[in-house]
Amino acid sequence: MARIIGTSGAWKDVLVMARTAGIVVDEPSDVGIQLARAQKVLYQQDTLARDDLALQQAALEHDLAEQRSTSAEDIARIHARSGQETARLAGSSDPESLRAATRLWAGLSRLSRQAQERAQVRVRSRAVLPAERALEDFIADRDTEVARRVEGARRIVKGVEVLAHSGVLANAIAERAVIRTLNTLPDDFVLINDLHLSTNQDVPFEDSYLKTAQLDHLLVGPPGLYAIETRNWSSTVAADGDEADPVLQVTRASFLCSHILKDAGCDQIVRSVVACGGAPPTRSGGAHVAIMPTARLLAYVQYGSPLVSVQQIADVCRILT
């Protein structure tokens with residue numbers, strides 16, 4: 001088996017995103033498992049919150065119904081007492097024998113009792129208003145309260161969903177597939193993953209200068225050195241030719257890698273490869289970049305006569321790591 005140095009750079013990014021989302025993953029497949037778990041927890045918390053609030057609403061409705069019943073009974077008693085008082089006065093007076101002043105007093109007394117009765121009825125009717133408002137406010141805020149209670153679980157689901165559908169995870173899967181594939185090479189091969197290259201010089205490259213570059217993988221073995229950029233690629237990737245273009249990235253990185261090795265007295269050709277986790281794009285990598293599915297890597301990197309000695313392999317690893 002080949003000697004492996006480092007791990008997938010995209011997988012490191014996946015682990016950071018997973019920690020941010022509040023989950024722990026050991027394998028790419030764990031993301032889907034954790035998403036299902038997070039969705040289940042969210043559903044359970046949402047159900048518990050709604051059941052609890054339903055009980056609280058039922059209690060408020062029961063309280064309101066009791067207050068309305070009590071208010072109605074009180075109002076009925078007020079009307080009954082008023083009717084009894086009116087009947088008593090009417091029965092104790094002889095309209096024919098009452099003086100004018102007495103009749104006037106009786107009339108005013110009746111109006112006063114009616115006004116008092118209406119005031120008492122209003123007071124008892126208004127007594128239920130706080131309970132009505134409490135129920136209305138509770139119903140209006142119910143969904144907001146559910147959202148507040150499940151906010152943490154919903155945030156985890158959202159974070160894991162972002163990770164599950166991210167290009168970072170797709171590329172991590174592709175990079176780990178490359179590592180597994182190249183790990184089956186003989187033990188005189190060395191695979192360096194997530195290699196960060198840097199130099200203190202401004203190295204001319206096309207119309208710009210290079211000082212740093214990053215490689216997904218650098219394979220060093222008897223047949224030579226291979227700078228490998230990995231993508232879960234579709235036919236539309238690299239159409240714009242920007243910095244996200246893996247062809248440009250691997251070209252820059254392999255050029256800088258060759259320059260650093262040459263400056264260290266290790267003059268080696270670095271071949272450029274783009275390994276595709278998905279279907280290869282229709283665009284060619286040109287004369288200097290080979291584009292192929294991961295499954296073809298083993299045959300490609302072992303083709304040809306040995307060009308690099310064991311000592312040279314050790315020198316390359318020492319210089320670059």
Side-chain angles (χ1 to χ4, degrees), residues 1-6 8-9 174-175 178-179 181-231 233 238 241 243 245-276 280-281 283-321:
M1 296 176 65
R3 178 187 172 196
I4 306 296
I5 300 176
S8 161
E175 288 181 12
V178 167
I179 294 172
T181 298
L182 298 181
N183 189 35
T184 62
L185 288 166
D187 57 9
D188 50 357
F189 282 83
V190 178
L191 179 64
I192 306 172
N193 300 299
D194 192 26
L195 178 61
H196 292 263
L197 303 164
S198 64
T199 177
N200 294 326
Q201 308 172 33
D202 288 325
V203 180
F205 175 79
E206 296 183 352
D207 296 330
S208 61
Y209 293 90
L210 294 178
K211 292 188 74 171
T212 63
Q214 184 270 344
L215 261 176
D216 290 340
H217 322 276
L218 178 69
L219 180 67
V220 187
L225 279 65
Y226 298 88
I228 305 172
E229 190 71 18
T230 302
R231 286 291 186 277
W233 217 7
E243 294 249 332
D245 178 354
V247 172
L248 177 60
Q249 284 184 296
V250 75
T251 303
R252 288 163 54 93
S254 61
F255 183 85
L256 185 58
C257 184
S258 295
H259 180 85
I260 292 172
L261 290 172
K262 186 175 182 179
D263 277 358
C266 186
D267 195 1
Q268 294 288 342
I269 296 174
V270 182
R271 298 180 177 89
S272 299
V273 181
V274 173
C276 307
R283 172 187 169 182
S284 169
H288 302 293
V289 180
I291 300 177
M292 65 188 66
T294 300
R296 286 182 52 198
L297 273 177
L298 280 179
Y300 182 78
V301 300
Q302 294 181 93
Y303 177 78
S305 303
L307 301 173
V308 183
S309 67
V310 173
Q311 183 58 50
Q312 288 172 321
I313 292 173
D315 289 342
V316 168
C317 294
R318 174 181 53 81
I319 293 167
L320 296 179
T321 62

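What you are looking at is a predicted structure, and each value in this text was computed from that prediction instead of being measured.
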Novice: What is the distance from atom CD1 of Ile192 to atom OG1 of Thr321, rounded to the nearest 0.5 Å?
Specialist: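 Rounded to the nearest 0.5 Å, the CD1-OG1 separation comes out at 5.5 Å.
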
Novice: Using 0.5 Å steps for rounding, measure from the CD1 atom of Ile269 to the CG atom of Leu307.
Specialist: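 If I round to the nearest 0.5 Å, the distance is 8.0 Å.
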
Novice: Under 3.5 Å, is there a donor on one side chain and an acceptor on the other for Asp315 and Gln268?
Specialist: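 No - no donor-acceptor pair under 3.5 Å links their side chains.
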
Novice: Which atoms form the tightest heavy-atom contact between Ala275 and Thr294, and what is the distance?
Specialist: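 That would be CB-OG1, 4.2 Å.
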
Novice: Quick check: closest heavy atoms across Ser258 and Val270, and the distance to 0.1 Å?
Specialist: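 Shortest heavy-atom separation between Ser258 and Val270 comes out as OG-CG2, 3.2 Å.
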
Novice: With a sphere of 6.0 Å drawn around NZ of Lys211, does it hold more than 12 non-hydrogen atoms of other residues, nucleotides or ligands?
Specialist: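 Yes, NZ of Lys211 has more than 12 neighbouring heavy atoms, counting only those of other groups under 6.0 Å.
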
Novice: Mind checking the CZ-CG spacing from Arg252 to Leu197? Nearest 0.5 Å is all I need.
Specialist: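 The distance works out to 11.5 Å.
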
Novice: Between the side chain of Asp216 and the main-chain N/O of Ile228, is any donor-acceptor distance below 3.5 Å?
Specialist: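 Flag not set: sc Asp216 to bb Ile228 has no pair under 3.5 Å.
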
Novice: Assess the side chains of Ser272 and Ser254: does a donor N or O sit below 3.5 Å from an acceptor N or O?
Specialist: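 The answer is yes; a qualifying pair exists.
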
Novice: Can you confirm whether Leu219 sits close enough to Val273 that some side-chain heavy atom of one is under 4.5 Å from a side-chain heavy atom of the other?
Specialist: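 A side-chain contact under 4.5 Å is absent here.
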
Novice: Locate the shortest heavy-atom distance separating Ala290 from Tyr300; write the atom from each residue and the value.
Specialist: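 Taking Ala290 first and Tyr300 second, the nearest heavy atoms are CB-OH, 3.7 Å.
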
Novice: Would Leu256 and Phe205 count as a side-chain contact (heavy atoms from CB on, under 4.5 Å) here? Give the steps.
Specialist: CA-CA 9 Å; Leu256 185 58; Phe205 175 79; over 6 Å; no

Novice: Could you report the tightest heavy-atom contact between Ile291 and Cys276, atom names first, then the distance?
Specialist: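 Smallest heavy-atom distance, with atoms named: CG2-SG, 3.5 Å.
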
Novice: Passes side-chain contact (heavy atoms from CB on, under 4.5 Å), Leu298 versus Thr181? Steps please.
Specialist: CA-CA 7 Å; Leu298 280 179; Thr181 298; 3.6 Å; yes

Novice: Is any side-chain heavy atom of Val274 closer than 4.5 Å to one of Val247?
Specialist: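 Side chain of Val247 against side chain of Val274, heavy atoms only: contact under 4.5 Å found.
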
Novice: Which residues pass the side chain to side chain contact (heavy atoms under 4.5 Å, CB included) test with Asp187, sequence neighbours left out?
Specialist: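 None.
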
Novice: Give me the one residue out of Leu320, Leu225, Ile319 that meets side chain to side chain contact (heavy atoms under 4.5 Å, CB included) with Cys266.
Specialist: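 Passing option: Ile319.
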
Novice: For Thr212, what residues pass the side chain to side chain contact (heavy atoms under 4.5 Å, CB included) criterion, not counting sequence neighbours?
Specialist: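 Testing Thr212 for side chain to side chain contact (heavy atoms under 4.5 Å, CB included), a comparison that skips the adjacent residues, returns Ser198.
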
Novice: Suppose we screen for side chain to side chain contact (heavy atoms under 4.5 Å, CB included). Which residues come up paired with Tyr303, at least two apart in sequence or across chains?
Specialist: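 Expected list: none.
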
Novice: In Å and rounded to the nearest 0.5 Å, what is the CD1 to OG1 distance from Ile260 to Thr199?
Specialist: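 So the gap between those two atoms works out to 5.5 Å.
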
Novice: Nearest 0.5 Å please: distance from the CG atom of Leu215 over to the SG atom of Cys257.
Specialist: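 So the CG of Leu215 and the SG of Cys257 are separated by 6.5 Å.
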
Novice: Nearest 0.5 angstrom please: Asn193 CG to Glu175 CD, how far?
Specialist: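 Output value for this atom pair is 8.0 Å.
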
Novice: Going by heavy atoms in the side chains, are Val301 and Pro223 under 4.5 Å from each other?
Specialist: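 No; the side chains remain at least 4.5 Å from each other.
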
Novice: Looking only at non-hydrogen atoms, find the nearest pair between Val250 and Ala227 and report the distance.
Specialist: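 Between these two residues, the closest heavy atoms are CG2-O, 3.3 Å.
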
Novice: Out of Ile313, Leu185, Leu182, Ile4, which residue meets the side chain to side chain contact (heavy atoms under 4.5 Å, CB included) rule with Val190?
Specialist: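 One option only clears the test, and that one is Ile313.
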
Novice: Do Thr251 and His288 have side-chain atoms, one donor and one acceptor, less than 3.5 Å apart?
Specialist: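 No, no side-chain donor-acceptor contact under 3.5 Å.
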
